[in-house]
A.B. asks: 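Starting off with a structure, shown below.
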Amino acid sequence: MNARYSTPSIGLHWLMALGLGGTLALGFYMHDLPLSPGKLQLYSWHKWAGVTLFLLAVLRLLWRLTHRPPALPLAMPALLKQAAHAMHWLLYALMLAIPFSGWLMSSAKGFTTVWFGLLPLPDLVGKDVDLGNRLQTLHLGLNVALLILVAGHVAAAIKHHFIDRDGVLASMLPGRSH
Amino acid sequence: MSRSLSLPVAALIGIAFALPAHAVEFNTIDAAKSQLGFSYQQMGVKMDGQFGRFAARLKFDPAKPAAAQASFDVQIASVDAGSPDANKELAGKDWFDSTRHPLAQFVATRIAPLGGNRYQANGQLTIKGRTREVSAPVTFTPSGNGAVLEGSFSIQRSDFAIGEGAWADVGIVANPIQIRFKLLAEVDKAAGKIPGK
Ligand code: HEM
């Protein structure tokens with residue numbers, strides 16, 4: 001059978017899948033709430049989770065660059081392999097760009113991000129309402145791009161599993177090793 | 001600026017340097033060149049804001065602080081807490097209730113010298129119909145033909161019911177509010193005039 005991804009890869013993959021899904025859903029949900037203490041609380045949680053995900057993404061990227069993932073099935077056409085690689089690198093790029101844009105947006109809107117209420121992150125841009133609004137649009141756009149890519153990513157995993165039956169999905173699943 | 005330009009330069013320099021020797025009574029605050037700001041913590045994040053419109057009455061001779069008089073009227077509607085959303089929220093009933101309480105007021109009751117260019121200003125602060133004693137150290141720095149009065153003090157927002165209902169929870173918006181002021185005091189020949197912007 002195929003080689004499996006390393007345990008840290010699998011752990012980070014599913015931890016981030018959960019974290020990204022939750023943070024993304026929270027982002028859409030909180031955006032439309034009327035101003036209240038609860039809303040401020042959710043915004044803070046969203047930012048804390050986002051910064052945590054950013055750090056996990058950096059860790060994950062470093063791991064990926066220093067550890068070879070299992071090769072894709074030999075039977076896969078070259079073009080599809082290239083598409084799969086492009087997709088994966090785009091996902092890495094979004095995992096970094098989304099929280100980064102959120103952090104810049106917060107600074108531009110005049111809110112320093114303080115990770116878990118304890119560690120202030122530097123404001124890389126000064127307060128600028130216009131810039132803040134443009135970064136919000138960017139943050140939203142990148143998130144929509146992530147949703148589309150993840151939909152394609154999940155569809156590909158399902159196709160590998162049920163149509164190609166090639167063990168690609170299993171190589172990223174936790175649990176029994178073959 | 002126009003006022004200072006209309007005075008002979010010699011007189012300007014004279015006023016600035018003769019300050020400690022001659023009794024000069026500052027009797028007006030140039031609101032356009034003064035700042036009234038505040039800061040607070042929101043879930044560990046420091047937030048800043050300011051009030052854009054206020055008027056002050058002042059009689060202050062640095063040599064005779066005991067005889068000083070000062071009072072401020074702050075237009076609550078001129079609050080800027082950083083975003084239109086926040087400003088709208090602050091005008092509401094839970095926060096400043098600015099339709100019923102459009103002004104916050106400070107009236108100095110006693111100004112005591114602390115030595116050098118420092119004074120302690122004590123007075124009554126009224127916000128949202130609640131009055132509390134406050135006390136602020138003030139530094140006095142001659143500047144041009146006027147003087148800068150600068151200081152800060154801290155209040156508890158719960159003392160003034162600023163943030164009621166769900167907002168009373170000080171875990172999200174903290175209770176202490178720092179208030180900073182930097183006022184440009186001037187000598188106006190037409191004394192008793194109340195400037196504002
Ligand atoms: C990977 C992590 C993140 C994901 C998946 C994510 C996702 C989202 C989504 C889907 C929205 C709703 C977009 C909208 O309706 O405009 C949103 C809004 C927001 N995000 Fe993030 N975000 C992440 C990280 C961050 C970080 C790190 C920060 C700040 C430090 C941040 C700050 C914000 C803010 C302030 C909004 C609300 C904009 C507004 O309503 O004014 N986000 N996020």
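The shown structure was predicted, so the numbers you read here are calculated from the model rather than taken from an experiment. Values reported hereafter were calculated over all heavy atoms of this structure, with side chains retained and with hydrogens, waters and symmetry mates removed. So you know, we letter chains A, B, ... as the sequences are listed, proteins then strands, and number each from 1.
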A.B. asks: Between Gln42(B) and chain A, which part of the residue has a heavy atom less than 4.5 Å away: side chain, backbone, both or neither?
C.D. replies: side chain

A.B. asks: Identify whether Val107(B) and Leu149(B) are in the same connected component of the hydrophobic contact network (ILVMFWY, side-chain heavy atoms under 4.5 Å).
C.D. replies: no

A.B. asks: Please check if atom NZ in Lys88(B) has more than 12 non-hydrogen atoms from other residues, nucleotides or ligands closer than 6.0 Å.
C.D. replies: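 Result for NZ/Lys88(B): open.
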
A.B. asks: Can you check whether Ile172(B) reaches Gln41(A) side chain to side chain, under 4.5 Å on heavy atoms?
C.D. replies: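 Touching, per the 4.5 Å side-chain cut-off.
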
A.B. asks: Among residues at least two apart in sequence or on other chains, which ones pass salt bridge (Lys or Arg N to Asp or Glu O under 4.0 Å) with Lys159(A)?
C.D. replies: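 With sequence neighbours excluded, Lys159(A) shows a salt bridge (Lys or Arg N to Asp or Glu O under 4.0 Å) to Asp164(A), given in chain and number order.
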
A.B. asks: Quick check: is Leu184(B) connected to Val74(B) through a chain of hydrophobic side chains (ILVMFWY, heavy atoms under 4.5 Å apart)?
C.D. replies: no

A.B. asks: Please look at Trp48(A) and chain B and tell me whether the side chain, the backbone, both or neither of the residue comes under 4.5 angstrom of a heavy atom of that chain.
C.D. replies: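 Trp48(A) touches chain B through side-chain heavy atoms alone.
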
A.B. asks: Do Tyr5(A) and Leu74(A) sit in one hydrophobic cluster, given that two such residues count as connected whenever their side-chain heavy atoms are within less than 4.5 Å of each other, even indirectly?
C.D. replies: no

A.B. asks: Between NZ of Lys127(A) and CG of Asp48(B), what distance do you get to the nearest 0.5 Å?
C.D. replies: 9.0 Å

A.B. asks: Give the cluster check for Met47(B) versus Trp167(B): same hydrophobic cluster or not, with ILVMFWY residues linked at side-chain heavy-atom distances below 4.5 Å.
C.D. replies: yes

A.B. asks: Using every non-hydrogen atom in the two residues, find where Leu35(A) and Asp85(B) come nearest and quote the distance to one decimal.
C.D. replies: CD2-O, 4.0 Å

A.B. asks: At a heavy-atom distance under 4.5 Å, which candidate from Pro37(A), Pro34(A), Gly117(A), Ser36(A) has the highest pair count against chain B?
C.D. replies: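 Highest number of heavy-atom pairs under 4.5 Å: Pro37(A).
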
A.B. asks: Check for a donor-acceptor pair, side chain of Lys109(A) on one end and backbone N or O of Ser83(B) on the other, with a separation under 3.5 Å.
C.D. replies: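 Not at all, since once roles are kept as given, no pair shorter than 3.5 Å links the two residues.
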
A.B. asks: Which region of Met43(B), side chain (C-beta onward) or backbone (N, CA, C, O), has a non-hydrogen atom less than 4.5 Å from a non-hydrogen atom of chain A, or is it both or neither?
C.D. replies: both

A.B. asks: For Pro120(A), is it the side chain, the backbone, both or neither that has a heavy atom under 4.5 Å from a heavy atom of chain B?
C.D. replies: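 Neither the backbone nor the side chain of Pro120(A) comes within 4.5 Å of chain B.
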
A.B. asks: Given the rule that I, L, V, M, F, W and Y join up when any side-chain heavy atoms are under 4.5 Å apart, are Leu18(A) and Leu53(A) in one cluster?
C.D. replies: no

A.B. asks: Under a 4.5 Å heavy-atom cutoff, which of Gly110(A), Gly38(A), Ser44(A) has the most pairs with chain B?
C.D. replies: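 When all of Gly110(A), Gly38(A), Ser44(A) are compared, Ser44(A) has the most.
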
